[in-house]
*Asks:* 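Mind looking over this structure? Questions follow.
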Amino acid sequence: MKRVLTLVLPILLSAFALVACGSGSDDSSASSESEHGGDHMMTDMPSMSMSMPMSMPAGAREIVISDFKYTLPGTFAPGEQVTVRNDDTAEHTVTADTGDLFDVEVEPGATATFTVPGQPGTFAFHCTYHPNMVGTLEVR
């Protein structure tokens, strides 16, 4: 949960800052707000949803969770950073079956990142909340 907040919070704060900066194009809006008590400021702002798409770095690949299933983009390079996107309405994890190689928790509609193991191999994983959700991470 802490990792998700660390990733999502700066993005949300940036988005709100951009909306606030873009709401007025000149100084006349400031005098208009003071004349009208500033009560129209919230109605001028576009509505935002917490499920807004988050941009990924160029070349980033992701594991998608949808309908309680994992979809992987193929094999991964040792030590690669991977984004996990949860399109479900339930919280999920991507947890290695053995050892503590990787374990990431992803809230509904959110994303999280983790680093794949640094050595080549095939690594089985599961969702700790939904044991029927399983997958295999191939590192080459």
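Every heavy atom of this structure was used, including side-chain atoms; hydrogens, water molecules and symmetry mates were not.
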*Asks:* Tell me, do V106 and F114 make a side-chain contact under 4.5 Å, heavy atoms counted?
*Replies:* no
*Asks:* Just jot down the salt bridge (charged side-chain N to carboxylate O under 4.0 Å, His left out) partners of D97, sequence neighbours excluded, or say none.
*Replies:* none
*Asks:* Please tell me if the side chains of D88 and F68 come closer than 4.5 Å, counting only heavy atoms from C-beta onward.
*Replies:*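 D88 reaches F68 side chain to side chain.
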*Asks:* Do any pairs count as a salt bridge (Lys or Arg N to Asp or Glu O under 4.0 Å) and have a residue in residues 112-135, sequence neighbours left out, and if so which ones?
*Replies:* none
*Asks:* What's the spacing between I63 CD1 and T113 OG1 if we round to 0.5 Å?
*Replies:*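 It comes to 11.0 Å.
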*Asks:* Residues two or more places apart in sequence or in another chain: which of them pass ring-ring contact (aromatic ring centres under 6.0 Å, His included) with F125?
*Replies:*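 Result, ring-ring contact (aromatic ring centres under 6.0 Å, His included) vs F125: Y70.
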*Asks:* Could you pull out the closest heavy-atom pair between R140 and P120, with the gap in Å?
*Replies:* CA-CB, 4.4 Å
*Asks:* Suppose the criterion is salt bridge (Lys or Arg N to Asp or Glu O under 4.0 Å): which pairs have a residue in residues 126-137, not counting sequence neighbours?
*Replies:* none
*Asks:* Got a sec, which residues hit side-chain contact (heavy atoms from CB on, under 4.5 Å) with T122, two or more places apart in sequence or on another chain?
*Replies:* T136, E138
*Asks:* Please find the pair of heavy atoms, one from Q119 and one from V139, that lie closest to each other, and give the distance.
*Replies:* O-CG1, 3.5 Å
*Asks:* What I'd like to find out is whether the side chain of F102 reaches to under 4.5 Å of the side chain of L137, using heavy atoms alone.
*Replies:*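 The answer is yes; the side chains approach within 4.5 Å.
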*Asks:* Not counting sequence neighbours, list each pair that qualifies as a salt bridge (Lys or Arg N to Asp or Glu O under 4.0 Å) and has a residue in residues 118-137.
*Replies:*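 Those involving residues 118-137 do not exist here.
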*Asks:* If a pair satisfies salt bridge (Lys or Arg N to Asp or Glu O under 4.0 Å) and one of its residues is in residues 108-125, list it, with sequence neighbours excluded.
*Replies:*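 Those involving residues 108-125 do not exist here.
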*Asks:* With T115, which residues qualify under side-chain contact (heavy atoms from CB on, under 4.5 Å), at least two apart?
*Replies:*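 Applying side-chain contact (heavy atoms from CB on, under 4.5 Å) to T115 gives Q81.
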*Asks:* Check ring-ring contact (aromatic ring centres under 6.0 Å, His included) between F76 and all other residues, then give those that pass, not counting sequence neighbours.
*Replies:* none
*Asks:* Quick check on D67: does its CG atom have over 12 non-hydrogen neighbours (other residues, nucleotides or ligands) under 6.0 Å away?
*Replies:*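 12 or below, so no.
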*Asks:* Report the distance from atom OG1 of T71 to atom CD of E62, rounding to the nearest 0.5 Å.
*Replies:*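 The distance works out to 10.0 Å.
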*Asks:* In Å and rounded to the nearest 0.5 Å, what is the NE2 to OG1 distance from H126 to T93?
*Replies:* 6.0 Å
*Asks:* So, for M133 and K69, which heavy atoms are closest and what is the spacing to 0.1 Å?
*Replies:*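 Between these two residues, the closest heavy atoms are CE-N, 4.1 Å.
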*Asks:* Restricting to ring-ring contact (aromatic ring centres under 6.0 Å, His included), what partner residues turn up for Y129, sequence neighbours left out?
*Replies:* none
*Asks:* Less than 4.5 Å apart, any side-chain heavy atom of H92 and any of V84?
*Replies:*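 When only atoms from C-beta onward are counted, V84 and H92 do not touch, as no gap falls below 4.5 Å.
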*Asks:* Minimum heavy-atom separation for A96 and L101, please, with both atom names.
*Replies:* CB-CB, 4.1 Å
*Asks:* Of all heavy-atom pairs between A112 and V104, which one has the smallest distance, and what is that distance?
*Replies:* CB-CG2, 3.4 Å
